[in-house]
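In the text below, chain A, chain B and the rest are named by the order of the sequence lines, each starting its count at 1.
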Amino acid sequence: MTRINRRHFMGGVGLAGLTGMLAACGGESAPPNPGGTGGGGGGGEGGTFTWWDHFGGLQDLHAQWAADEAERLGITIEYSYNEPGKATEALQLANQANSLPDIYSNVVGLPLPALVEAGWLSPITLSDEALARLPEDAFTDGITRLDGEIYGLPALSDRQYWGCTWFNSVIAEEIGFEGPKSYDELLAALKMIADDGTYAPMTLALGAAGRTRDQVDDLAQAGGFPGWQGLRYDTGEYEYHHDSYLNAIELLKEISDNGWLLPGTNSFQVPDARGRWAAGEIGFFIDGPWSPGGVRALNAEHVERMATSGELTPEGEELVITRGAPAPTWFVAGSTSDAEMASQIIETFTQDDYQAALATAMDQPPLNLDIVAEADVIDAYAWLVEDFKKRVFRAPQPQVRKIEVTEVQARQTPPSTDLGAIVQGYLGGDITDVRAELVKLSDAFSAALDAAIDDASGDGIDVSRADWEFADWQRGTDYTY
Amino acid sequence: MASPSLIADAATGKSAAPVRGRSRRADQRPGQRARERRRNLWIYAFLLPTFVLYGMYTLYPMVASYWYSLVEWNGFTADQEFVGVANYEKVFADPQFWNSVKVTLIFMLIVAPLRVFGAFALAILLNSPKLPFTGFFRTVYFIPVVTTTAIVGVVMRFIFDPASGPIAGVLDLFGAGPVDLLGSSDTALMTAGVVYVWKFFGITLIYWLAALQTIPRDLYEAARIDGAGPLGVFRYITLPMLIPFLLIISVLTIEDCFHAFDLMQTMTAGGPFYSTEIVEIYIYRFAFAASIPQLGHASAAAVLFGLLVLVVVLMQAWATVASRRWGNRS
């Protein structure tokens with residue numbers, strides 16, 4: 001018998017490890033392939049299905065839902081939550097590693113046709129019962145449907161706004177202010193809290209540029225901007241320097257300059273700001289309707305103290321918000337080996353019990369807003385959802401009117417800086433002429449759109465800036481094509 | 001020990017002179033050559049994992065970055081459109097890129113001297129045979145190095161929290177009020193730099209301690225016998241002997257200081273208003289943080305960043321060599 005010396009042993013281990021590593025890394029890396037069998041989601045009959053999403057306030061619900069559905073369908077479902085800021089990166093890397101989850105939530109920035117073409121999505125097959133449960137306008141070509149096939153399942157309502165003025169009802173009662181509707185009312189309430197000196201008046205997630213951008217976009221629209229995300233519906237032109245944007249930013253600047261923001265707010269990410277707010281020692285916090293769900297995970301006691309007066313308008317005018325057609329919430333990966341089973345899993349999100357559970361979680365409002373009234377939610381959340389029904393209208397979307405627009409959207413690269421960073425810079429004193437910065441931002445977005453249109457036109461696609469114009473759009477009405 | 005060829009020559013009585021011109025290999029017996037081949041095979045077998053891993057995780061990504069910098073690709077689709085140097089033109093035209101270069105260089109200029117010369121001073125102290133508990137102190141200074149950087153970044157956010165952090169508490173005692181060190185663009189970079197130096201100080205310290213170990217003890221003893229005091233020993237023995245190490249330690253540290261992504265991302269994420277956005281965070285922003293990533297743009301920035309690091313290191317190497325030559329002449 002040959003004796004194994006140290007050198008042989010070490011060499012053997014090294015070679016075995018190397019062989020294993022090469023075997024693990026080897027194999028052809030196939031791109032996502034709808035209905036194909038290449039790698040990716042490992043779903044199969046009686047197999048394991050992976051489910052990734054970015055809904056922090058729904059983690060408990062989804063973990064339980066995955067377990068229940070796995071038992072019902074006789075499969076294994078591996079549910080994972082990814083923090084919103086990392087979710088896109090996780091999917092991007094998973095795709096490059098040919099390991100997309102079978103089911104995932106929509107955080108990818110590409111329009112639906114581009115995702116379909118790239119093999120990211122499988123068609124979703126819904127039962128007649130599931131289709132019957134959904135509103136008639138749940139699916140829109142170019143948004144959730146393509147060539148008659150459903151590729152994205154909406155489970156959350158598009159009728160919502162994101163700049164909700166949340167306040168601590170205990171502090172409000174103690175100090176003596178009402179929920180503000182106008183900029184001046186908010187400033188007055190903040191001054192009362194500051195003068196009292198017991199509590200911090202307000203906090204925001206100013207370090208999260210994307211969140212700040214969303215909130216300022218929302219405040220600007222509520223303040224009269226005739227468009228969304230800097231793009232005017234009526235003219236199709238970018239106008240971040242519109243007075244509504246300036247007014248909203250100046251409101252935040254005044255709050256900051258008066259020292260009414262909790263120290264540190266300028267660099268707070270969303271968990272930082274929400275964590276402080278959930279501690280119960282802060283008067284105001286601007287956040288989306290999902291705030292109670294997020295707060296409950298941090299400090300359930302604070303949820304009962306949460307109150308809201310909806311979204312601010314400059315003079316307390318009637319709030320008008322516009323949002324596009326229901327966006328896809330859920331996708332089935334193009335690489336899943338059993339799209340039928342994956343479809344069966346996600347069609348359960350249309351069920352009343354899931355929608356009710358969604359409402360009870362007080363995260364994003366469910367697609368069926370009516371169900372919130374029956375759900376176990378705080379009064380503020382129920383009031384907010386009722387407000388959504390009255391205040392949120394359907395916006396015009398160029399890709400709905402003309403599907404070719406998605407070719408441009410897929411090619412449009414966002415400028416190097418964004419609105420959220422500009423707001424942070426202005427509040428922190430790095431920017432003195434905010435209007436000039438907003439003009440530059442408008443120009444940068446406009447140039448990027450023009451470049452994308454030129455690129456698409458060069459490939460023979462019939463698009464022009466006129467496709468972004470909706471001269472017949474009227475504020476406060478649902479746009480129809 | 002005599003070589004086999006010399007022994008063989010002695011046995012045959014031949015002169016050794018002609019043997020010098022022959023290759024050693026030619027003098028080896030077949031059995032010896034086989035043993036040597038087997039030994040070499042083992043050497044290559046042991047080196048193979050390193051070559052493969054280095055190739056997969058260092059060389060391949062570098063080469064891939066060069067290719068990606070020439071294409072337009074969002075990372076979501078398989079389409080990679082060759083665009084030549086267009087990505088480089090965009091990067092050069094982007095003021096945010098130049099801001100990140102400026103931030104990176106300022107950061108390096110703050111932290112590298114602190115690490116190199118601060119660690120040098122401490123190493124001199126810790127190398128003293130008279131100092132007790134040197135092992136303890138060395139361990140204490142090295143512990144931050146082995147602590148996970150991302151965790152350090154997160155913990156530091158709490159430590160510098162102007163509302164409830166301990167730093168704010170201390171400043172409050174002196175009536176300084178809440179100071180948002182990480183939330184102000186005036187102080188964020190410097191604050192991150194201090195944390196960075198604390199975190200990685202131990203690595204440079206180990207370099208210097210290793211360098212100090214190379215100085216022969218008898219040199220010190222000879223100097224003392226000749227009447228040199230502590231300052232004289234330091235001035236005429238320690239410093240001259242450590243000059244050659246200064247180059248390599250400086251190069252290693254400077255190169256290291258260009259890589260602070262994990263700490264900076266977790267502490268400031270490049271903010272406020274890009275005041276701590278080093279090039280690595282700029283690259284990350286375009287590659288992963290955007291709703292539609294621009295991997296070509298990010299790769300072009302990465303290639304340029306690599307060249308920047310190379311240029312800085314070459315400049316520093318040239319300066320050190322030139323100064324040494326100048327010193328020798330004078």
> Of the backbone (N, CA, C, O) and the side chain (C-beta and beyond), which part of B/Ala188 lies under 4.5 Å from a heavy atom of chain A, both, or neither?
Replying inline: neither

>> To the closest 0.5 Å, what do you measure between CG (B/Asn74) and CD (A/Gln92)?
In response: 8.0 Å

> Based on non-hydrogen pairs under 4.5 Å, which of A/Asn266, A/Leu110, A/Val107 is most in contact with chain B?
Replying inline: A/Leu110

>> Distance check, rounded to the nearest 0.5 Å: B/Ser275 atom OG versus A/Gln424 atom CD?
In response: 8.0 Å

> Where along residues 272-281 of chain A does a heavy atom come under 4.5 Å of chain B, listed by residue number?
Replying inline: A/Asp272, A/Arg276

> Can you tell me how far the OG atom of A/Ser416 sits from the OH atom of B/Tyr274, to the nearest 0.5 Å?
Replying inline: 6.0 Å

> chain A: which of B/Gly165, B/Ala168, B/Ser185 shares the most heavy-atom pairs with it under 4.5 Å?
Replying inline: B/Ser185

>> For B/Asp186, which atoms come within 4.5 Å of any heavy atom of chain A: side chain, backbone, both, or neither?
In response: neither

> Roughly how far, to the nearest 0.5 Å, is CD of B/Glu72 from OG1 of A/Thr413?
Replying inline: 7.0 Å

> Sequence neighbours excluded, which residues qualify as ring-ring contact (aromatic ring centres under 6.0 Å, His included) partners of B/Phe76?
Replying inline: A/Trp120

> Checking B/Leu295 against chain A: side chain, backbone, both or neither under 4.5 Å from a heavy atom?
Replying inline: side chain

> Checking A/Leu93 against chain B: side chain, backbone, both or neither under 4.5 Å from a heavy atom?
Replying inline: side chain

> Between B/Gln294 and A/Pro414, is any pair of side-chain heavy atoms under 4.5 Å apart?
Replying inline: yes

> Which atom pair, heavy atoms only, marks the closest approach of B/Arg157 to A/Gln269?
Replying inline: NH2-N, 4.0 Å

> Can you list the residues that meet the side chain to side chain contact (heavy atoms under 4.5 Å, CB included) rule with A/Thr265, with sequence neighbours excluded?
Replying inline: A/Thr203, A/Leu204, A/Leu206, A/Leu261, A/Leu262, A/Phe268

> Quick one: ring-ring contact (aromatic ring centres under 6.0 Å, His included) pairs with a partner in residues 84-103 of chain B, sequence neighbours left out?
Replying inline: B/Phe92-B/Trp98, B/Phe97-B/Tyr282

>> Looking at every heavy atom in both A/Pro263 and B/Pro162, which two are closest together, and how far apart are they?
In response: C-CG, 3.3 Å

>> For B/Ala163, which atoms come within 4.5 Å of any heavy atom of chain A: side chain, backbone, both, or neither?
In response: both

> Would you say the side chain of A/Thr417 lies within less than 4.5 Å of the side chain of B/Gln96, judging by non-hydrogen atoms?
Replying inline: yes

>> For the CZ atom on B/Phe82, are there more than 12 heavy atoms of other groups (residues, nucleotides or ligands in this structure) within a distance under 6.0 Å?
In response: yes

>> Quick one, B/Pro293 and A/Glu89 - any side-chain contact, counting heavy atoms below 4.5 Å?
In response: no

>> As an exercise: rank A/Gly429, A/Ser267, A/Gly420 by heavy-atom pairs under 4.5 Å with chain B and give me the winner.
In response: A/Ser267

>> Taking every non-hydrogen pair under 4.5 Å, which of B/Ser291, B/Pro272, B/Gly271 racks up the most with chain A?
In response: B/Pro272

>> Does any backbone or side-chain atom of A/Gln412 lie under 4.5 Å from a heavy atom of chain B? Answer side chain, backbone, both or neither.
In response: backbone

